[in-house]
Amino acid sequence: MGRQGNSTSGENRAPAKKAPINRAPSNKASAKSGARAVRQPVSAVFRRRRLLVGGAVLMVLAMALGGFAVATGAFSGGSEQASSTESGPQPQPGGTTGTAPAPAPTSTPAATPTCDQNLVTVSASTDKAAYGADEKPLLSLKVTNGGQLPCDVNIGTSQMEFLVTSGSDRIFSSGDCQAKSEDLVKTIQPGKSESANFPWPRNRTVEGCQAIGAKPGAGGAYYVFVAKLGSKSSPKAVFQLS
């Protein structure tokens, strides 16, 4: 038959070349390669997640530490303010704190001007220049403030004296028989005066007020009156007794 004639027997066929066997990779190799392929993206994801989580943790810690620092600053600021209020430097105007600046040196105030007692003068006078036999001279002591400020002056009987002399003869002193002496301080304004009068009975006195029978001379004799106030003495006032 035709088919048979064309066919060749199995014995006469040329041996066919074996096709290369493409062996599929083993399960272990494919598993390893697959694991590598999966591990790489998974590891990257984990790293990113760890970075994110780490960043979040750091932010939380930073916020917590920042809040703690603020709170600590507030508490410490409050305590410092309290301690400074108690014993430390006080806040200064303008919001600054620290040691208060030393006060500016002030000039020493000028001394209050006082009365110049050297300008207080004493004068003596009589009411008449000459007296008759029965007339009693009126002796006057006047204190004048010649300064520019008021002066307190003691014009009491403890300070004043009416003294009458004739040449070197001490005739009369108001202090010889004075029963008691008193202080009398008066304020004398600038340019003003205070006066004290003493009627002299034309008698003689000695210190200690001892009795003396002699009387001043008459017949036109001249006498000198000097007024004294403390250590101050007046110029002489001359008068005549008949």
Peer 1: Might you work through the side chain to side chain contact (heavy atoms under 4.5 Å, CB included) test for Q178 and T157, ending with a clear yes or no?
Peer 2: CA-CA 9 Å; Q178 185 171 276; T157 56; 3.9 Å; yes
Peer 1: Using the rule given for side chain to side chain contact (heavy atoms under 4.5 Å, CB included), can you reason through V143 versus L141, listing the C-alpha separation, both sets of side-chain angles and the distance that settles it, and then say yes or no?
Peer 2: CA-CA 7 Å; V143 184; L141 178 155; 3.7 Å; yes
Peer 1: Treating Ile, Leu, Val, Met, Phe, Trp and Tyr as nodes and any side-chain heavy-atom pair under 4.5 angstrom as an edge, say whether V226 and I171 lie in one connected cluster.
Peer 2: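 Different hydrophobic clusters.
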Peer 1: Would you check, one step at a time, whether the test side chain to side chain contact (heavy atoms under 4.5 Å, CB included) holds for N203 with F172?
Peer 2: CA-CA 7 Å; N203 64 326; F172 172 83; 3.6 Å; yes
Peer 1: Any donor-acceptor pair under 3.5 Å linking the side chain of S158 with the backbone of E182?
Peer 2: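 Pair found, side chain donor or acceptor close to backbone of E182.
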Peer 1: Taking K136 first and then D127, would you say they form a salt bridge - that is, a charged N and a carboxylate O separated by under 4.0 Å?
Peer 2: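 Looking at D127 together with K136, the answer is no, because their closest N to O distance does not fall below 4.0 Å.
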Peer 1: Should we count CD of Q148 as having more than 12 external heavy atoms under 6.0 Å?
Peer 2: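 No, not enclosed.
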Peer 1: Side chains of S193 and T144: donor-acceptor distance under 3.5 Å anywhere?
Peer 2: yes
Peer 1: Evaluate the salt bridge (charged side-chain N to carboxylate O under 4.0 Å, His left out) criterion for residues D176 and R204: first the C-alpha distance (whole Å), next the side-chain angles of each, then the deciding distance (0.1 Å), finally the verdict.
Peer 2: CA-CA 10 Å; D176 289 343; R204 274 184 177 268; over 6 Å; no
Peer 1: What are the two closest heavy atoms between N197 and S140, and how far apart are they?
Peer 2: OD1-OG, 2.6 Å
Peer 1: Please walk me through it: do T126 and Y131 pass side chain to side chain contact (heavy atoms under 4.5 Å, CB included)?
Peer 2: CA-CA 10 Å; T126 59; Y131 297 91; 3.4 Å; yes
Peer 1: Are the side chain of N145 and the backbone of I188 linked by a donor-acceptor contact shorter than 3.5 Å?
Peer 2: yes
Peer 1: If you take all heavy atoms of T205 and C177, which pair is closest and at what distance?
Peer 2: CG2-SG, 4.4 Å
Peer 1: Considering residues at least two apart in sequence or located in another chain, which fulfil the side-chain hydrogen bond (donor to acceptor under 3.5 Å, both in side chains) criterion with E161?
Peer 2: S173
Peer 1: Quick one: closest heavy-atom pair of L241 and P137, and the distance?
Peer 2: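 Scanning both residues completely, I find the closest heavy atoms to be CD2-CG, 3.8 Å.
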Peer 1: Same cluster for W200 and L163 if Ile/Leu/Val/Met/Phe/Trp/Tyr side chains link at under 4.5 Å?
Peer 2: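 No: no chain of side-chain contacts under 4.5 Å links W200 to L163.
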Peer 1: Any chance the rings of F225 and F198 have centres within less than 6.0 Å?
Peer 2: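 For F225 and F198, the ring centres are not under 6.0 Å apart.
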Peer 1: Please find the pair of heavy atoms, one from E135 and one from G132, that lie closest to each other, and give the distance.
Peer 2: OE1-N, 2.6 Å
Peer 1: Extract all donor-acceptor atom pairs below 3.5 Å that involve side chains of residues 229-239 and protein atoms in other chains or at least two apart in sequence.
Peer 2:
residue: K232; atom: NZ; partner: Q117; partner atom: O; Å: 2.9
residue: K232; atom: NZ; partner: V120; partner atom: O; Å: 3.2
residue: S234; atom: OG; partner: A227; partner atom: N; Å: 2.9
residue: S234; atom: OG; partner: A227; partner atom: O; Å: 3.2

Peer 1: Q189: what forms a side-chain contact (heavy atoms from CB on, under 4.5 Å) with it, not counting sequence neighbours?
Peer 2: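 Once residues adjacent in sequence are excluded, the partners of Q189 under the side-chain contact (heavy atoms from CB on, under 4.5 Å) criterion are P150, T187, K192.
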Peer 1: Do side-chain atoms of N154 reach the backbone of L184 as a donor and acceptor pair under 3.5 angstrom?
Peer 2: yes
Peer 1: Determine whether R170 and E207 make a side-chain contact, defined as any pair of heavy atoms from C-beta on separated by less than 4.5 Å.
Peer 2: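 Side-chain contact under 4.5 Å: yes.
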Peer 1: Ion pair present between R202 and D134, side-chain N to carboxylate O less than 4.0 angstrom?
Peer 2: no
Peer 1: Measure the spacing between CG of L139 and OG of S174 and express it to the nearest 0.5 Å.
Peer 2: 9.0 Å
Peer 1: To check you understand the geometry: which heavy-atom pair defines the closest contact between M160 and I155, and what is its length?
Peer 2: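 Looks like CE-O, 2.8 Å.
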